[in-house]
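Predicted, not measured: the structure shown is a model, and the values here were computed from it. Basis for what follows: all heavy atoms, side chains included, without hydrogens, waters or symmetry-related copies.
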Amino acid sequence: MENGMGQQHAASDHARSIEHFRNTAYMINKSRPYFDAAHSAGLMAVHGRSTIGRAFALGVGPLNGRPQVIDFVRCSYLGLDNHPTIVAAAIEAIEAHGSLHWSCARTRLNFDLLAELETALSEMFSARVIAFSTVMLANLGAMPILASGLLTDGKKPLVVFDRIAHLSLAYHKPVVADETEVQTIEHNDIDALERLCREKRAVAYVCDGVYSMGGNAPIKELRELQERYGLFLYIDDAHGISLFGRQGEGFARTQFPEVLGDRTIIAASLAKGFGASGGMLMLGTAEQEALFRRYAIPYAFSVAPNLAAVGAALGSCKIHRSAELAERQMRLAQRIKVFDCRVATPEQGNLLPIRMVAIGSEAKAIALARELLDAGFYTSVIFFPTVSQGKAGVRVCITADHEVCDIERLCERILEKVP
């Protein structure tokens, strides 16, 4: 999400170009009117309490009298975030330890349940998995190590970011640029990436597996570049995990061999499709695991995921290893088709659960989202800096727990306003 966040200025430092990747004041000044309007319309910083399925009671205070709203904002694509097995496992973990967290860096002391979780995830995803409190922290820990060259045979790589890589990736460009050269290429521009692979002795590509505004990375083509040039791939599959694979390996992991190897790292969320809390890194080698457990900053200098998060993730592992996972994956696919049969979007026809209803005008997008909320549907209004100025719209997150009739009613409301 580079829009407005960075301006480039040529310079040289030991034969390496230094670029400026942040312009915070510009971003805030340009986006503030949209945020102000969305807050005034009651579309942001909303409070509520979940009830049944995807419904929640809007507002605060006594539940009686609060309007019931159908949520199309949360990214719990399989509807697991209020699953009784996950909730019970979170409570059990806290009761087992008699505490919520230990105030201690993970290089010193760890929960025994966390070891159990990382072992389970490693077996499920055929990788060496390290859990973090969030995906943002997982990426924060990984980016300096990626830039150092220690993952690319001692050669500092050119680190190439997809232009619309999630902000939890793009935010770290200045840190990466302090170590090595950074470039940004157009979205899914395989030709540009291949040119750089031919020109540079080491290249690392940073992208999403499934993009938060819809669409996906061309994994097949990226793997071909990896095999041809030794391209290092860092893929954040936060929105793709759990949706595909027999044990929920995710969009990206299912397209790699059983052995991940030393040229691929996959980051993922434990809080979206997985339905729990936290993030993780899937690593391919014992050397990489040792490196990250000693030198990834959030691991070495911060606390582990709290026990509720660890317990919830263990509960989700049970579901991922049961027949229920495939049932929920199928239900999700069916509900995506229901939406696609009624509302045309650029994502129509793919198996991913994110749909963007393009509007263009920020004011019109905010007005549409407010009208949908008044009709009982909470959706995400999207504008700069998440997308380019003048490219605003409404994002709809479809889940396995949505009732078909609620999806149909949402589509009817959208079509009334957006022919």
Side-chain angles (χ1 to χ4, degrees), residues 1-9 19-41 43-45 72-73 75 136 139 159-174 176-177 182-193 205-218 235-236 238-240 343-348 350 352-372 379-397 414 417-419:
M1 299 195 183
E2 178 117 346
N3 306 315
M5 293 297 290
Q7 293 180 339
Q8 298 179 355
H9 303 280
E19 299 175 339
H20 297 286
F21 294 101
R22 296 195 60 77
N23 194 340
T24 303
Y26 174 88
M27 180 273 293
I28 291 174
N29 291 333
K30 284 292 184 181
S31 64
R32 178 169 283 169
Y34 312 139
F35 277 100
D36 288 346
H39 277 269
S40 296
L43 296 171
M44 303 195 79
F72 284 90
V73 171
C75 299
M136 181 76 169
N139 291 334
V159 180
V160 181
F161 286 79
D162 187 282
R163 188 179 64 80
I164 66 169
H166 196 272
L167 189 58
S168 63
L169 295 167
Y171 182 81
H172 307 294
K173 286 181 184 179
V176 175
V182 174
Q183 286 196 32
T184 302
I185 61 174
E186 289 303 310
H187 180 48
N188 286 345
D189 192 340
I190 293 295
D191 291 339
L193 183 58
Y205 182 57
V206 180
C207 66
D208 295 38
V210 174
Y211 284 86
S212 61
M213 296 299 111
N216 56 269
I235 303 171
D236 185 333
H239 289 274
V343 177
T345 66
E347 299 80 36
Q348 191 173 34
N350 69 33
L352 307 174
I354 301 167
R355 294 294 181 265
M356 276 291 294
V357 180
I359 303 298
S361 161
E362 287 80 10
K364 290 180 179 179
I366 291 169
L368 172 61
R370 181 66 239 187
E371 289 169 355
L372 293 176
T379 57
S380 291
V381 59
I382 304 297
F383 44 73
F384 179 81
T386 303
V387 294
S388 300
Q389 295 179 70
K391 300 286 187 181
V394 170
R395 185 179 75 167
V396 176
C397 291
I414 291 173
K417 302 297 178 181
V418 188

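Formation of a donor-acceptor pair under 3.5 Å by the Asn216 side chain with backbone atoms of Asn350 is not found in this model. A donor-acceptor pair under 3.5 Å is formed between the side chain of Arg370 and the backbone N or O of Ala41. Proximity of a side-chain donor or acceptor of Ser31 to a complementary backbone N or O of Met27 within less than 3.5 Å is detected. A distance-only check finds a donor-acceptor pair linking the side chain of Arg395 to the backbone of Ser212 [under 3.5 Å]. In this structure a side-chain-to-backbone donor-acceptor pair under 3.5 Å is present from Ser361 to Lys364. Judged by distance alone, with hydrogens and angles left aside, the side-chain atoms of Asp189 form no donor-acceptor pair with the main-chain N or O of Ile185 at under 3.5 Å.
Contact of the Met356 side chain with the Thr345 side chain is not registered, since no non-hydrogen atoms from C-beta on lie closer than 4.5 Å. Side-chain contact between Phe35 and Met44: present, with at least one pair of heavy atoms (C-beta onward) separated by less than 4.5 Å. Using a 4.5 Å heavy-atom threshold, the side chains of His166 and Tyr171 count as separate. In this structure, Gln389 and Tyr34 have side chains that are in contact, with non-hydrogen atoms separated by less than 4.5 Å. Residues Val159 and Val206 meet the side-chain proximity criterion, which asks for heavy atoms closer than 4.5 Å. Ile359 has its side chain within reach of Val418: a pair of non-hydrogen atoms, C-beta onward, lies under 4.5 Å apart.
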Steps toward side chain to side chain donor-acceptor pair (under 3.5 Å) verdict (His187, Asp162): CA-CA 5 Å; His187 180 48; Asp162 187 282; 3.0 Å; yes
Full working for side chain to side chain donor-acceptor pair (under 3.5 Å) between Asp236 and Asn139: CA-CA 8 Å; Asp236 185 333; Asn139 291 334; 3.0 Å; yes
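Residues Gly240 and Val210 come closest through the heavy atom pair CA-CG2, 3.7 Å. Residues Ala217 and Asn188 share a closest heavy-atom pair of CA-OD1, 3.8 Å. Smallest separation of non-hydrogen atoms from Ala38 and Phe383: CB-CE2, 3.9 Å.
The pair Arg163-Glu186 meets the salt-bridge criterion, since a charged nitrogen lies less than 4.0 angstrom from a carboxylate oxygen.
When each of Leu372, Val394, Ile366, Val73 is tested with Leu43 by the rule side chain to side chain contact (heavy atoms under 4.5 Å, CB included), just one qualifies, namely Ile366.
Judged by the 6.0 Å and 45° rule, Lys173 forms a cation-pi pair with Phe161.
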